[in-house]
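The sequence lines fix the lettering, A, B, ..., with proteins before strands; numbering per chain opens at 1. Here the structure is a predicted model, which means the values were calculated and not measured.
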2 protein chains.
Amino acid sequence: MNPTENQYTIGLDYGTNSVRALIVSTRDGSEAGSATWNYAHGENGILLSRDPNLARQHPADYLEGARQTIVAALEQAKAVEGFSPSQVVGIGVDTTGSTPLPVDKEGMPLAFKSEFEGNMNALAWLWKDHTSVREAEEITLRASQERPQFLDKCGGTYSSEWYWSKIWHCLRVDEAVFDAAYGWVECADWIPTMLAGKPDPGTMTVGVCAAGHKAMWNANWGGFPDAEFLSSLDPKLAALRGRLSPNVRSVDEAVGGLSEEWAQKTGLLAGIPVAVGAFDAHLGGIGAGIREGTLVKTLGTSTCDLMVVPQSEQLADIPGLCGIVPGSILPGFYGLEAGQSAVGDIFNWFVSVLNEGSHIELTEAAGKLKAGESGLLALDWNNGNRTILVDQELTGLLLGQTLYTKPGEIYRALIEATAFGALTIINRLEEYGVTVERVVNCGGIAEKNAVLMQIYADIIGRPLYVSRSSQTCALGAAIAAAVASKQFDSFDAAQSAMTGLKDVVYTPDEAEHATYKRLFALYSQVHDAFGTRGESNLFNVMKDLIQIRREVRA
Amino acid sequence: MNPTENQYTIGLDYGTNSVRALIVSTRDGSEAGSATWNYAHGENGILLSRDPNLARQHPADYLEGARQTIVAALEQAKAVEGFSPSQVVGIGVDTTGSTPLPVDKEGMPLAFKSEFEGNMNALAWLWKDHTSVREAEEITLRASQERPQFLDKCGGTYSSEWYWSKIWHCLRVDEAVFDAAYGWVECADWIPTMLAGKPDPGTMTVGVCAAGHKAMWNANWGGFPDAEFLSSLDPKLAALRGRLSPNVRSVDEAVGGLSEEWAQKTGLLAGIPVAVGAFDAHLGGIGAGIREGTLVKTLGTSTCDLMVVPQSEQLADIPGLCGIVPGSILPGFYGLEAGQSAVGDIFNWFVSVLNEGSHIELTEAAGKLKAGESGLLALDWNNGNRTILVDQELTGLLLGQTLYTKPGEIYRALIEATAFGALTIINRLEEYGVTVERVVNCGGIAEKNAVLMQIYADIIGRPLYVSRSSQTCALGAAIAAAVASKQFDSFDAAQSAMTGLKDVVYTPDEAEHATYKRLFALYSQVHDAFGTRGESNLFNVMKDLIQIRREVRA
């Protein structure tokens, strides 16, 4: 199959503060129109309380955002010669996650009901809501004792950010909301089914991405965690399991066609396929051209590293990898997700400590140095280590400073630390047979910071490419729509047509790489000394400091 | 003996940039007059060249400084009821060191001769001149092979700042200066003998402090290093040894009486005793009231820690202690010198990295925290470690930082690191049988920074006292003058009369000390991991980084 001339799809990209609609040509991936809308509720779209761990969103913003951005993007696209809304043949959706919301039997959010007005627990529980730390610890403990296989697929620790932690916490703190909810659905699933008019939580088509990465869903053990396990947490969780839809699919399928109501709201044709939803990073991988052998790195405040491996191949559990889920990125492939808990956030922290520093000045100063010239070495653990140590109780480290160490030198050491962390992930993948043939980067840092990208290339020792599109997530969602609407018979074909690379390639400098090999050996030595239970016996240090701090602050 | 009423002595304190004269009552240590004079030559008294390691002083400044400050201090003292210059009964001198200068057979500096005008090598080689690194390494190497006992008394490494390194370097780079010099004398020795009109280098009375701590002089091996050893460096050094004065004394003795010339220059009585000179820190110890069981800590950009142990006791070599020299502080006692290479300098560095930070604001922020609250741990090695590791190739370390770590928290962690370093020195002394019964602090930080002093007390776990005088070095020199002029029959009696403590005492908070015990265990763990060749195998890390930096910069 080949795409018909002049056909388009829409990608809807739901971020933490706003939503974007992107209208993309299925022929060459060119962008015909784009619009964003800031969520109306809360502060920058997030409803907060006195509890600093709490972060919620209002699902009304998801619907209003779809309408506003689709209409505005279509209006913009009309300036493109020959474009008309009837040429839009599908819609795809990506969102943050895990962001579950409680809904009634018809899929209507409890937040829309007058009896729950003003109740924060009836809203969508945003990915970064950390109210459920205790539940996450209990789930991890019980699973490690009784269902270790559940943890093997999510890096050994079930997170407070994830589905079951949040729902269980709601059950404990607000049983009325829990009892009123027929189901809890990820917003990645709720939005597409709303557009298709089929939000019934018991039968709706849900994405394997959210289910597999956040809700411990796996075909090998019959879907969601078994009722016995959930009962051991709380019998009501087992009962909830019985009401969840068994209809779990990849993003190549549609949840249904656009409803008449939404066709009227937007000006699109009714019936065009709405693809199964997925998380932003995963559809971002598709938008960046992920395929076997290609590592897609999204470089932002934190990083997300994605790879795919054909399900036809044997793939061992890879220690320290956050998630390995069949079909979660591309159908027919294991989706592998890794990442660093802080990258840009570390640079932001350093600038904030400096008071008057600026990223531009510091980057310029850092760029004048050679590998090894600062004499500094840092660890990139200011926000713990997601991959490969999966340990939140690790912290930052800087060593080598003298009385003459300058801010630009520290800034460069922090960049280098994050690059060493990135290389550590690549090495772990390759140790377990996942060959990295090509590295494609996306995200704000990859697009804007050439000094950082060159340091990364010199440390990683491979050419680094940059995704052509700045909107890889929305583009990925549009590609899912193109596949779900049968414009292509494979993601491979759709990505070949619709994605690309920028001209710039960061190629390793041989001398710098040679120096960095020596520095990486030192990084690994310190990494293992503080991060693993090895001979070096420093594993306790960061943990003891956290424990002392906890006691002192209590 | 008791001091006659209304008698005074003068302490002359030669610093890096200026000299101070202090007129002190021998009855109670009260200060009758004081004056300072900034050296006239070079930048802030230091002659510099393109070589950043070079730092010299002009000996003319030492003489002019004595005249200027004595005259001005006497003028000030005349305001004290009943004071007259004839009541001044002695003069003592302390200086920086090792600061040797080349002199002719009559003790006249080569710098005063027209043929060496403008020649930097004919000047005094200031303590912080680091041109002689290679010579220091060669001396250390050869001594470790052939005369290990030489190194046992100076912490295992002969420094580039010390007497023989500098003289040998001069021989190598400017043989004409070396050959023209009959002797090389420490300014601590040259100044008193000039005042007494007896500067002949072959017969002058020199101090055991400079000779013992910097020139490897020890009565046990017959004085200065033997001719065979010096010949193995260069035969001309052995020849020089033969021309040096064998007349090595403690500060309780006089080098002679004030000369007629200097009596006329200053208005003092001719013939009043001029005490044997010593280094500022050592006479500072006396001015702070050092005696058996009392540790005197001078807290400044770096620290100097002094103790004395009666020579009648058995004293083992203490690993990692810079110097143990009989009589170098008090006659009849071993003088023990330890120290931290950077304390205030680390805080200064951090403020300079911060751009806009201020010590006052950061101290205030640090003071609001409790022990352990920051979650941070630092090592105090930004300028290497003098005691107990004696290793210049160690560097700073900070760990525990998160994305929320604030500048005041880091500042406190750096203060804590220096206090942990201080405690490490105390522990080492006590492990080798030197009991610390009392800790007296002096220097700018001890006088001004109550937050730091309380943290030190909480970490060290002992009450901390502060010396009454702000001018402990000059006061110590004045006390030496009082003893040398027989106003007292012992330093103990002189110190009882002339020194004292401030009213403030920093007493450890029990809860804070308990937390700090846990943190000190972590400090020690990281200290040993990076600083010693232990099981932890991180000893190479800081050294490798320095080596890589050296190669990259070459």
Side-chain angles (χ1 to χ4, degrees), chain A residues 301 341-342 345-346 348-350 352-357 369-377 379 381-384 395-407 410 511 515 518-519 521-522 525-526 529-530 534-538 540-542 544-553, chain B residues 301 341-342 345-346 348-350 352-357 369-377 379 381-384 395-407 410 511 515 518-519 521-522 525-526 529-530 534-538 540-542 544-553:
Chain A
T301 52
S341 310
D345 270 348
I346 296 181
N348 290 335
W349 164 73
F350 182 63
S352 79
V353 165
L354 271 188
N355 297 325
E356 297 287 321
L369 299 167
K370 286 194 286 188
E373 199 178 343
S374 71
L376 298 172
L377 183 71
L379 293 177
W381 298 348
N382 292 43
N383 194 25
T395 49
L397 180 148
L398 176 71
L399 68 85
Q401 52 270 40
T402 70
L403 297 174
Y404 307 101
T405 299
K406 297 277 186 300
I410 299 175
T515 303
R518 297 168 68 188
L519 291 169
L522 297 176
Q525 203 184 340
V526 178
F530 285 95
E535 293 164 21
S536 67
N537 200 29
L538 292 170
N540 65 301
V541 172
M542 292 174 177
D544 287 355
L545 283 170
I546 290 171
Q547 178 59 25
I548 291 169
R549 181 178 65 193
R550 204 175 275 144
E551 290 173 30
V552 167
R553 287 187 176 175
Chain B
T301 52
S341 310
D345 269 348
I346 296 181
N348 289 334
W349 163 74
F350 182 63
S352 81
V353 165
L354 271 187
N355 297 325
E356 297 288 321
L369 299 167
K370 287 193 285 190
E373 197 177 344
S374 71
L376 298 172
L377 183 71
L379 293 177
W381 297 348
N382 292 43
N383 195 24
T395 49
L397 180 148
L398 177 72
L399 67 86
Q401 52 270 39
T402 70
L403 297 174
Y404 306 101
T405 299
K406 297 277 186 298
I410 299 175
T515 303
R518 298 166 69 187
L519 291 169
L522 297 176
Q525 203 184 340
V526 178
F530 285 94
E535 292 165 18
S536 66
N537 200 29
L538 291 171
N540 65 301
V541 172
M542 292 175 178
D544 287 356
L545 284 169
I546 290 171
Q547 179 58 25
I548 291 169
R549 181 180 64 192
R550 205 174 276 145
E551 291 174 29
V552 167
R553 288 187 176 175

Which pair of non-hydrogen atoms, one from A:Val552 and one from B:Ala371, has the smallest distance, and what is that distance?
CG2-O, 3.2 Å
Exercise: identify the closest heavy-atom pair between A:Trp349 and B:Tyr404
CD1-N, 4.2 Å
Side chain to side chain contact (heavy atoms under 4.5 Å, CB included) with B:Thr395: which of A:Thr402, A:Leu376, A:Leu377?
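Answer after filtering A:Thr402, A:Leu376, A:Leu377: A:Thr402.
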Taking B:Gln525 for the side chain and A:Asn537 for the main chain, is one N or O donor matched with an acceptor at less than 3.5 Å?
yes
State the [atom1]-[atom2] distance between [X] and [Y], to the nearest 0.5 angstrom.
{"X": "B:Leu399", "Y": "A:Trp381", "atom1": "CG", "atom2": "CH2", "result": "10.5 Å"}
{"X": "B:Leu397", "Y": "A:Leu397", "atom1": "CG", "atom2": "CG", "result": "4.5 Å"}
{"X": "B:Arg553", "Y": "A:Leu369", "atom1": "CZ", "atom2": "CG", "result": "8.5 Å"}

[options]: which one forms the most heavy-atom pairs within less than 4.5 Å of chain A?
{"options": "B:Leu403, B:Leu398, B:Leu522", "value": "B:Leu403"}
{"options": "B:Arg550, B:Lys370, B:Arg518", "value": "B:Arg518"}
{"options": "B:Pro407, B:Ala342, B:Ser352, B:Ala511", "value": "B:Pro407"}
{"options": "B:Gln547, B:Gln401, B:Glu373", "value": "B:Gln401"}

Side chain, backbone, both or neither of [X] within contact of chain A (heavy atoms, under 4.5 Å):
{"X": "B:Leu379", "value": "neither"}
{"X": "B:Ala521", "value": "neither"}
{"X": "B:Ile546", "value": "neither"}

Give the C-alpha distance, both sets of side-chain angles, the deciding distance and a yes or no for side chain to side chain contact (heavy atoms under 4.5 Å, CB included) between B:Leu519 and A:Leu545.
CA-CA 8 Å; B:Leu519 291 169; A:Leu545 283 170; 3.4 Å; yes
Region of A:Thr405 that comes under 4.5 Å of a non-hydrogen atom in chain B:
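Both the backbone and the side chain of A:Thr405 come within 4.5 Å of chain B.
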